[in-house]
Amino acid sequence: NAGVTQTPKFQVLKTGQSMTLQCAQDMNHEYMSWYRQDPGMGLRLIHYSVGAGITDQGEVPNGYNVSRSTTEDFPLRLLSAAPSQTSVYFCASSYRGTSTDTQYFGPGTRLTVL
Amino acid sequence: AQSVAQPEDQVNVAEGNPLTVKCTYSVSGNPYLFWYVQYPNRGLQFLLKYITGDNLVKGSYGFEAEFNKSQTSFHLKKPSALVSDSALYFCAVRGKYSGAGSYQLTFGKGTKLSVIP
């Protein structure tokens with residue numbers, strides 16, 4: 001049971017480039033989400049999904065796309081990278097959201113946009 | 001909107017002393033509160049949660065949290081700090097409904113705990 005995995009661990013992009021951050025979980029969790037972590041700002045929700053085929057925007061969705069074709073995978077796409085997207089990105093999953101269920105976090109992807 | 005505040009950016013405590021990391025909340029309705037810990041270069045790990053019931057919640061690694069409804073607080077505590085407790089601690093609250101029985105999680109800005117040998 002690997003839990004929540006994220007790839008890559010580190011990435012450097014140039015402004016305007018695109019890329020996909022991968023996230024996978026093997027716990028059969030329905031709810032998955034992406035956060036970004038910036039110093040002094042805590043974690044902010046980018047996008048989330050309550051199940052395969054269903055996604056929605058969080059607090060800071062601009063510049064990012066997601067899709068959820070399977071229960072296991074929830075990739076985050078940066079369409080045209082900007083320096084403001086330099087951050088640490090975390091994927092998380094839980095069985096039924098956060099009403100009573102714990103969210104499990106991946107190890108993170110540290111992204112630098114030059 | 002649901003929110004949490006962590007009034008201290010950093011807390012320093014000597015090893016062996018009790019520690020407290022503060023969190024206050026603002027919610028409409030009953031609060032669902034969480035504490036997470038982030039060790040350097042790692043993802044967040046769940047420590048404990050308050051849903052209902054006893055005001056003192058026990059969690060992982062010897063941590064506990066005290067829910068105080070009148071003061072709208074949910075402070076994290078540990079009787080005797082260890083150097084290995086040094087980390088970033090996040091308070092969180094159940095936030096906006098996401099659909100299908102799921103809710104978003106709203107985080108505080110985090111408190112850096114340093115335990116000094």
Side-chain angles (χ1 to χ4, degrees), chain A residues 2-7 9-10 23 25 27 29-61 66 68 71 88-110, chain B residues 1-10 21 23-25 27 29-53 57 59-60 65 87-112:
Chain A
V4 180
T5 58
Q6 291 183 239
T7 56
K9 289 188 177 181
F10 302 94
C23 174
Q25 51 91 10
M27 297 173 282
H29 284 169
E30 297 160 344
Y31 186 90
M32 295 186 74
S33 52
W34 276 101
Y35 295 88
R36 59 178 290 173
Q37 182 182 23
D38 301 291
M41 302 191 73
L43 277 77
R44 293 181 292 169
L45 183 65
I46 304 171
H47 285 284
Y48 63 92
S49 168
V50 299
I54 306 170
T55 64
D56 206 344
Q57 298 179 352
E59 181 185 354
V60 288
V66 292
R68 184 97 179 267
T71 299
V88 182
Y89 292 84
F90 290 100
C91 179
S93 73
S94 63
Y95 180 51
R96 245 193 306 262
T98 59
S99 57
T100 58
D101 294 299
T102 303
Q103 285 203 5
Y104 293 85
F105 284 79
T109 295
R110 187 174 295 273
Chain B
Q2 324 290 57
S3 66
V4 290
Q6 295 180 242
E8 301 158 319
D9 291 335
Q10 176 144 1
V21 182
C23 173
T24 59
Y25 65 88
V27 303
N30 294 323
Y32 290 64
L33 297 160
F34 304 79
W35 275 103
Y36 283 81
V37 60
Q38 183 182 28
Y39 297 103
N41 301 312
R42 303 286 295 276
L44 277 70
Q45 297 178 31
F46 170 78
L47 277 179
L48 52 80
K49 63 184 176 185
Y50 172 84
I51 305 299
T52 187
V57 180
S60 306
L88 191 56
Y89 290 81
F90 290 97
C91 182
V93 65
R94 187 183 81 169
K96 183 180 175 183
Y97 183 61
S98 304
S102 299
Y103 292 80
Q104 298 177 18
L105 205 58
T106 299
F107 287 87
K109 294 183 178 182
T111 298
K112 182 179 180 181

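Every chain is numbered from 1, with letters handed out A, B, ... down the list of sequences. Keep in mind it's a predicted model, so treat the numbers as computed, not measured.
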inquiry  = Between A:Arg110 and chain B, with a heavy-atom cut-off of 4.5 Å, which part of the residue counts as in contact: side chain, backbone, both or neither?
reply    =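 The answer is the side chain of A:Arg110.
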ask   = Quick one: what part of A:Gln37 sits under 4.5 Å from any heavy atom of chain B, side chain, backbone, both or neither?
value =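 Only the side chain of A:Gln37 comes within 4.5 Å of chain B.
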ask   = Among residues 48-58 of chain A, which residues come closer than 4.5 Å to chain B, judged by heavy atom distances?
value =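 The stretch touches chain B at A:Tyr48, A:Val50, A:Gln57.
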task = Could you tell me the separation between the OH atom of A:Tyr35 and the CG atom of B:Leu105, rounded to the nearest 0.5 Å?
result =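 Going from the OH atom of A:Tyr35 to the CG atom of B:Leu105 covers 4.5 Å.
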[X] versus [Y]: any side-chain heavy-atom pair under 4.5 Å?
{"X": "B:Tyr36", "Y": "A:Gln103", "answer": "yes"}
{"X": "B:Lys96", "Y": "A:Leu45", "answer": "no"}
{"X": "A:Glu59", "Y": "B:Thr106", "answer": "no"}

inquiry  = Quick check on B:Gln38 against chain A: is it the side chain, the backbone, both or neither that has a heavy atom closer than 4.5 Å?
reply    =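 Interface part for B:Gln38: side chain.
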ask   = With chain A, which of B:Ala92, B:Ser98, B:Gly43, B:Gly108 has the greatest number of heavy-atom pairs at distances under 4.5 Å?
value =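 It is B:Ser98.
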